[in-house]
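Owing to the predicted nature of the structure, the values given are computational and were not obtained by experimental measurement. Values reported hereafter were calculated over all heavy atoms of this structure, with side chains retained and with hydrogens, waters and symmetry mates removed.
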Amino acid sequence: MFPWLLVSLSTEVTFLNVFKYITFRTFGAAITALVLSMIVGPWYIAMMQRRQIGQSIRELGPQSHQSKKGTPTMGGGLILFCITASTMLWADLSNPLIWIVLFVTLATGIVGWADDYLKVIKKNSKGVSGRAKIFWQSLIAVTAASLLYFKFGMSPELRFPFFKDLVINLGPLYIPFAVLVIVGASNAVNLTDGLDGLAIGPIIISAGTYTLLAYLAGHAKIAEYLQIPHVPLAGELAVFCGAMAAAGLGFLWFNSYPAQIFMGDVGSLPLGAALGSIALVTKNEILLVVIGGIFVLEAVSVMAQVFSFKTTGKRVFRMAPIHHHFELKGWPEPKVIVRFWIISILLAIIALSTLKLR
Ligand code: 57M
């Protein structure tokens, strides 16, 4: 909104020209999202407490989790509000990629909200069934992928870090691939969200990394210099990513150990889907496996556990997802969390270093 409002005035008031710059607006969006979440956060938590929107804890899990019973949940609503409000204020809303990413984020947010609503408010322990969740996530992803491919001419070529000459043209198979990226990322973040700050930490780090990658992809000269795909409209996504990283940071203020609030599915499903869609629109799909390596590790640990148990009757981990394994080994919760953050920072550095290694 600001770009449209203020740039039209900039012929008379020249300093308003700064609103043209993506970098300036990214900082503006980040500060807005952070301040908003810090201001609205305490009110939101108090409202959830008043309405008794608290987490129930499964008996099966590590015993230390029983003390978390009743912690307010559905904090994702706060995160989504801060990201959306800040993006609406600071992004160029004539950019279709902003709307596609916002659509994926908010629509998967509704799926997550429905699950939380049934579980937490209607006390239906099953919530939305696994199949129904995948169906809706896939439908949202197919819509976004089709718009990208058919309407906005997104390139179906995949490029790989370290292998400069390796290019795979997926053609129309780009659509199922894009669905896999969005749905996979959404569910992987959901599996990770099992300890205080465990999911939001890597979300902040990944969104921060994509802020830079979006800016680089949108800049013709830098993209050419780095030999990365140039997507002219992708630069604007830096504004969204900046808002996402900062809204996550604001949420971490309250979700850090011991958590005053959990994000719920209304947070984990859309944040993962947002990352997947950002990876697609900035043409950094393969790099998502590295940047979001913690989410991949958590998802793979569940697959390995289920596969091993079904085929051999034995477990690979004491409990999956893998963060429970370390808890049951006796690591205190904050140690597991901070160590996972450290790995996430390391992965982001590795991902960024591949920019020069193509
Ligand atoms: C959601 N949700 C947390 C909170 C959060 C297939 C199977 C591996 C699925 C998996 C599963 O259901 N995962 C998805 C994980 C839950 O958190 C809520 O859910 C939201 C995210 N969707 O925002 O609202 C609990 O996690 C803890 N928590 C925190 N701090 C936070 O900031 O401490 C969450 C956020 C909360 C709280 O205790 O209640 C969850 O873990 O349920 N299932 C599992 O993860 C289960 N694993 C399992 O059954 N493993 C088996 C097989 C199937 C692989 C095995 O290893 O043999 C474990 N989950 C729980 N207890 N709770 C088992 C034990």
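Annotation for His324 and Ala320: closest pair CD2-O, 3.9 Å, computed over non-hydrogen atoms. Residues Asn255 and Gly197 come closest through the heavy atom pair OD1-N, 2.9 Å. Scanning both residues, Met244 and Ile278, for their nearest heavy atoms gives SD-CD1, 4.1 Å. Nearest approach of Gly250 to Leu34, heavy atoms of both residues: N-CD1, 3.6 Å. Between Val101 and Ser277 the shortest heavy-atom distance is CG1-OG, 3.7 Å. Closest non-hydrogen pair, Val142 versus Ser146, comes out as O-OG, 2.7 Å.
Under a 3.5 Å cut-off, the side chain of Lys283 and the backbone N or O of Glu157 do form a donor-acceptor pair. With hydrogens and angles disregarded, no donor-acceptor distance shorter than 3.5 Å links the side chain of Asp265 to the backbone of Asp116. Put simply, the side chain of Thr143 gets close to the backbone of Leu139: a donor and an acceptor are under 3.5 Å apart. Without hydrogens or angle criteria, Lys122 side chain to Lys119 main chain gives no donor-acceptor distance under 3.5 Å. Between the side chain of Ser308 and the main chain of Gln305, no donor-acceptor pair closer than 3.5 Å is present. Using a distance-only test at 3.5 Å, with no hydrogens or angles considered, no donor-acceptor pair links the side chain of Asn190 to the main chain of Ser268. Without hydrogens or angle criteria, Asn284 side chain to Tyr210 main chain gives no donor-acceptor distance under 3.5 Å. Although no hydrogens or angles enter the test, the distance criterion places no donor-acceptor pair under 3.5 Å between the side chain of Thr71 and the main chain of Gln55. Checked by atom type and distance alone, the side chain of Asp196 pairs as donor or acceptor with a backbone atom of Ala259 at under 3.5 Å.
Atom OH of Tyr117 is surrounded by 12 or fewer heavy atoms from other residues, nucleotides or ligands within 6.0 Å. Atom OH of Tyr21 has 12 or fewer heavy atoms from other residues, nucleotides or ligands within 6.0 Å. Counting non-hydrogen atoms of other residues, nucleotides and ligands closer than 6.0 Å to CH2 of Trp253 gives a total of 12 or fewer. Other residues, nucleotides and ligands place no more than 12 heavy atoms under 6.0 Å from the CZ atom of Phe27.
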- Query: Step by step, would you call Tyr215 with Thr211 a side chain to side chain contact (heavy atoms under 4.5 Å, CB included)?
  - Reply: CA-CA 6 Å; Tyr215 181 76; Thr211 306; over 6 Å; no
Checklist line | Evaluation steps, side chain to side chain contact (heavy atoms under 4.5 Å, CB included), between Glu236 and Leu97 | finding: CA-CA 8 Å; Glu236 199 62 31; Leu97 298 187; over 6 Å; no
Dump the intermediate steps for side chain to side chain contact (heavy atoms under 4.5 Å, CB included) on Thr282 and Val231, then the final yes or no.
CA-CA 7 Å; Thr282 61; Val231 187; 6.0 Å; no
Go through Val111 and Lys133 one step at a time and tell me if the side chain to side chain contact (heavy atoms under 4.5 Å, CB included) criterion holds. CA-CA 7 Å; Val111 178; Lys133 258 195 258 181; 3.9 Å; yes
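Residues Cys82 and Val40 fail the side-chain proximity criterion, which asks for heavy atoms closer than 4.5 Å. For the pair Ile343 and Leu347, the minimum side-chain heavy-atom distance is below 4.5 Å. Looking only at side-chain heavy atoms (C-beta outward), Tyr44 and Phe81 stay at 4.5 Å or farther from each other. Proximity of Thr354 to Val290: side-chain heavy atoms (C-beta onward) are nowhere separated by under 4.5 Å. The shortest distance between side-chain heavy atoms of Ile110 and Leu106 does not fall below 4.5 Å. Within the 4.5 Å cutoff, the side chain of Leu237 has heavy atoms near those of the Phe240 side chain. Using a 4.5 Å heavy-atom threshold, the side chains of Leu233 and Val281 count as separate.
By the 30° and 60° cut-offs, the orientation of the rings of Phe177 relative to Tyr174 is tilted. A perpendicular orientation is assigned to the rings of Trp90 and Phe24, their planes being inclined by more than 60° (bins at 30° and 60°).
A single hydrophobic cluster is not seen to contain both Leu78 and Ile31; linkage of ILVMFWY side chains at heavy-atom distances under 4.5 Å, directly or through other members, places them apart. Cluster membership check: Leu352 shares its hydrophobic cluster with Leu226, using side-chain heavy-atom separations under 4.5 Å among Ile, Leu, Val, Met, Phe, Trp and Tyr. Under the 4.5 Å side-chain heavy-atom criterion for Ile, Leu, Val, Met, Phe, Trp and Tyr, Met154 and Val167 are members of distinct hydrophobic clusters. Both Trp43 and Phe251 belong to a single network of hydrophobic side chains, linked directly or stepwise wherever heavy atoms of I, L, V, M, F, W or Y lie under 4.5 Å apart. Linking Ile, Leu, Val, Met, Phe, Trp and Tyr whenever their side-chain heavy atoms come within less than 4.5 Å puts Val336 and Ile342 in one cluster.
Salt-bridge check for Arg25 with Asp92: failed, with every basic side-chain N at 4.0 Å or more from each acidic carboxylate O. Salt bridge Glu333/Lys335: absent, no basic N to carboxylate O contact under 4.0 Å.
With Phe295 as reference, Ser206 is the one residue of Ser206, Pro321, Ser186 to meet the side-chain contact (heavy atoms from CB on, under 4.5 Å) rule. Exactly one residue among Leu89, Leu102, Thr105 makes a side-chain contact (heavy atoms from CB on, under 4.5 Å) with Thr84. That residue is Leu102.
To the nearest 0.5 angstrom, Trp341 atom CH2 is 7.5 Å from Ile204 atom CD1. With rounding to the nearest 0.5 angstrom, the CD1 atom of Ile140 is 5.5 Å from the OG1 atom of Thr108. Interatomic distance, CE of Met74 versus CD1 of Ile53, reported as 6.0 Å (0.5 Å rounding). Rounded to the nearest 0.5 angstrom, Met319 CE and Leu328 CG are separated by 5.5 Å. One finds the CG atom of Leu280 at 5.0 Å from the CD1 atom of Ile182 (value rounded to the nearest 0.5 Å). In this structure, the separation between NE2 on His230 and OG on Ser155 is 13.0 Å, given to the nearest 0.5 Å.
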